[in-house]
Peer 1: 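So that we are looking at the same thing, I have put the structure below in structure tokens.
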Amino acid sequence: MNKWILVSGVFILSLAITVFIGFYTAIFLIGPHSDILPEILHIPLGILLLILVVGIPIWLGRKAFVKLNHKENK
């Protein structure tokens with residue numbers, strides 16, 4: 001039970017951090033008044049940011065789960 005709480009905490013904390021960073025990165029790079037990138041790169045960069053914002057917390061949560069599961073089996 002304690003393992004699931006810790007893994008959920010890792011996931012939620014990393015999700016909060018990546019959402020915060022991803023939001024401001026998206027506003028800076030592909031926001032409505034941004035001229036940093038060409039228009040053609042806005043959609044691919046938005047998709048990449050979305051994948052990173054969701055993927056990083058899943059990866060960290062899985063890594064924490066495997067580590068805790070390995071430690072529990074020892």
Peer 1: Sequence neighbours excluded and cut-off under 3.5 Å, please list the side-chain donor-acceptor pairs for residues 7-23, or say none.
Peer 2:
{"residue": "S8", "atom": "OG", "partner": "W4", "partner atom": "O", "Å": "2.8"}
{"residue": "S14", "atom": "OG", "partner": "V10", "partner atom": "O", "Å": "2.9"}
{"residue": "S14", "atom": "OG", "partner": "F11", "partner atom": "O", "Å": "3.1"}
{"residue": "T18", "atom": "OG1", "partner": "S14", "partner atom": "O", "Å": "3.0"}
{"residue": "T18", "atom": "OG1", "partner": "L15", "partner atom": "O", "Å": "3.1"}
{"residue": "T18", "atom": "OG1", "partner": "V53", "partner atom": "O", "Å": "3.3"}

Peer 1: Anything under 3.5 Å between a donor and an acceptor, one on a side chain of residues 54-73, the other on a protein residue two or more places apart or in another chain? List them.
Peer 2:
{"residue": "N69", "atom": "OD1", "partner": "K3", "partner atom": "NZ", "Å": "3.4"}
{"residue": "N73", "atom": "ND2", "partner": "N69", "partner atom": "O", "Å": "3.3"}

Peer 1: Indicate every side-chain donor-acceptor pair of residues 28-46 with a distance under 3.5 Å to a residue at least two apart or in another chain.
Peer 2:
{"residue": "S34", "atom": "OG", "partner": "F28", "partner atom": "O", "Å": "3.0"}
{"residue": "S34", "atom": "OG", "partner": "L29", "partner atom": "O", "Å": "3.1"}
{"residue": "S34", "atom": "OG", "partner": "I36", "partner atom": "N", "Å": "3.4"}

